Amino acid sequence: MKFATRFAPSPTGPLHLGHAYSALLAHDTARTVGGRFLLRIEDIDTTRSRPEWEDRIYEDLTWLGIEWDDTPMRQSDRLSAYLAALHSLWDRGLLYPCHCTRRDIVAASSAPQEGSEPTHGPDGLIYQGTCRVAALRTGPMPENTTLRLDMQAALWQLPTDTSFGFDETGPVATDPPSRLGFTAQDMIATVGDIVLSRKDFIGSYHLSVVLDDAVQGISHVIRGKDLFEATKIHVILQHLLSLETPIYTHHKLIRDETGKRLAKRDDARAIAKYRAEGATPRDIRRMVGL
Ligand code: GLU
């Protein structure tokens, strides 16, 4: 497969130095190997995404000297693809509606349990399965409700010789990858029944990202280490939806002077702010170690 990578920001706030690093790394790698660099606007969460942040993303990336191939993909244009994938999983009995509130989930997971299973996975608290009853899976797929993947049923449906794992290149995407494996048991115990569609919008980050990476023909996903655990979920979804698993590079995270990872609310490190103060794109590259 020809090398293609992407930068996939959510338009929910200003791009900061961490985004600049991720975008520049993916862009430079694609250009070095003569591959493609694509842009995807992850605006599936309509409650938090704003068009003005999307405009700012284009502005900041252009200022940084980043050019992307093709028209950017927008997740808000892809809802029918997400819905089709949800229907396919629903028809196989792998989804169930969940009516638990956050408070219910916290209460269920703080109830005394045997052993010392972890309570947190890549999606926050591991769901205790209150709504995981077969009766709720019959009939047409419900709309405007939270849908969860029954992780155990999903893993059972996959061929017994499925190899769970992905190729990870380490810090440089062009380095030879090494295979990182995990077990089905890990997924049940440490991830559990993740949400694949939300009450207020169709789909979820995990579902949309695997479908979009596949349709954009992404051969290499270059993104932060914070998403390393989520990649295991993406691999399971790729198996369930018969999609290829790309090669992954989980790069270092840009931290502030106290060692904390930058977040969207770190406006102080917004690229636009540095620009307004007279920094050049070269200064930004230096600040993130490129
Ligand atoms: N939209 C995600 C973010 O802004 C990135 C997802 C990804 O790269 O897979 O953090």
Side-chain angles (χ1 to χ4, degrees), residues 4-30 36-51 53-58 60-61 64 66 68 72-79 82 122-124 166-169 171 173 191 194-196 198 201 203-238 241 243-255 260-267 269-271 288:
T5 190
R6 48 49 164 200
F7 177 57
S10 310
T12 54
L15 294 189
H16 55 57
L17 288 184
H19 295 105
Y21 178 65
S22 202
L24 286 165
L25 189 66
H27 169 265
D28 293 359
T29 308
R36 288 158 58 71
F37 173 76
L38 303 174
L39 184 58
R40 182 165 76 229
I41 304 297
E42 300 214 323
D43 60 351
I44 188 176
D45 182 350
T46 45
T47 61
R48 293 169 59 230
S49 300
R50 298 276 174 275
W53 290 125
E54 183 179 333
D55 293 342
R56 288 270 296 272
I57 289 171
Y58 301 135
D60 286 345
L61 294 180
L64 282 170
I66 291 178
W68 50 92
M73 170 178 277
R74 293 165 84 231
Q75 290 192 327
S76 50
D77 295 332
R78 300 256 309 137
L79 301 186
Y82 308 151
D123 250 7
F166 56 93
D167 291 334
E168 167 83 29
T169 63
V191 178
I194 47 155
V195 170
L196 289 192
R198 300 201 177 269
F201 55 91
S204 70
Y205 162 65
H206 300 302
L207 182 76
S208 58
V209 85
V210 299
L211 291 167
D212 296 345
D213 282 339
V215 84
Q216 287 193 298
I218 300 302
S219 65
H220 285 67
V221 171
I222 301 174
R223 63 183 177 196
K225 273 191 168 41
D226 52 325
L227 290 167
F228 183 84
E229 291 300 321
T231 298
K232 297 177 187 171
I233 299 177
H234 300 170
V235 168
I236 299 295
L237 291 174
Q238 285 150 358
L241 298 166
L243 304 171
E244 269 186 53
T245 297
I247 296 174
Y248 288 88
T249 301
H250 293 95
H251 61 66
K252 70 169 183 181
L253 300 176
I254 304 294
R255 301 180 182 277
K260 210 166 72 36
R261 174 162 75 88
L262 301 186
K264 278 275 162 58
R265 59 190 170 277
D266 284 311
D267 285 13
R269 272 127 191 129
I271 298 168
V288 297

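Sequential numbering from 1 along the given sequence is applied to the chain's residues. In listed order, ligands and their atoms are each counted from 1. Note that the structure is a prediction, hence the values are computed from the model and not measured.
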Main chain of V195, side chain of S204: is a donor-acceptor contact present, judged purely on distance under 3.5 Å?
yes
Please determine, by modelled atom types, if R6 and Q216 share a side-chain donor-acceptor pair under 3.5 angstrom.
no
Quick check on contacts: which atoms of ligand 1 are under 4.0 angstrom from a heavy atom of Y205?
6 (C), 7 (C), 9 (O)
F7 contact mode with ligand 1 (heavy-atom cut-off under 4.0 Å):
neither
I'd like to know if the side chain of T5 reaches the main chain of H220, judged simply by a donor and an acceptor atom lying under 3.5 Å from each other, with no hydrogens or angles considered.
yes
With a heavy-atom distance limit of 4.0 Å, tell me whether R6 approaches ligand 1 through its side chain, its backbone, both, or neither.
side chain
For ligand 1, note which part of L227 has a heavy atom under 4.0 Å away: side chain, backbone, both or neither.
side chain
Suppose I only count heavy atoms of V209 and a 4.0 Å limit; which atoms of ligand 1 are within that range?
9 (O)
Please identify which atoms of ligand 1 are closer than 4.0 Å to at least one heavy atom of E42.
1 (N), 2 (C), 5 (C), 6 (C)
Give a yes or no on whether the backbone of Y205 and the side-chain of E42 come within a donor-acceptor separation of less than 3.5 Å.
no
Evaluate salt bridge (Lys or Arg N to Asp or Glu O under 4.0 Å) for R198 paired with D45, printing each intermediate quantity in order.
CA-CA 9 Å; R198 300 201 177 269; D45 182 350; over 6 Å; no
N/O of H19 under 3.5 Å from N/O of ligand 1, yes or no?
no
Would you check whether R223 has a nitrogen or oxygen atom less than 3.5 angstrom from a nitrogen or oxygen atom of ligand 1?
yes
Donor-acceptor pair, distance only, cut-off 3.5 Å: does the side chain of D43 make one with the backbone of S76?
yes
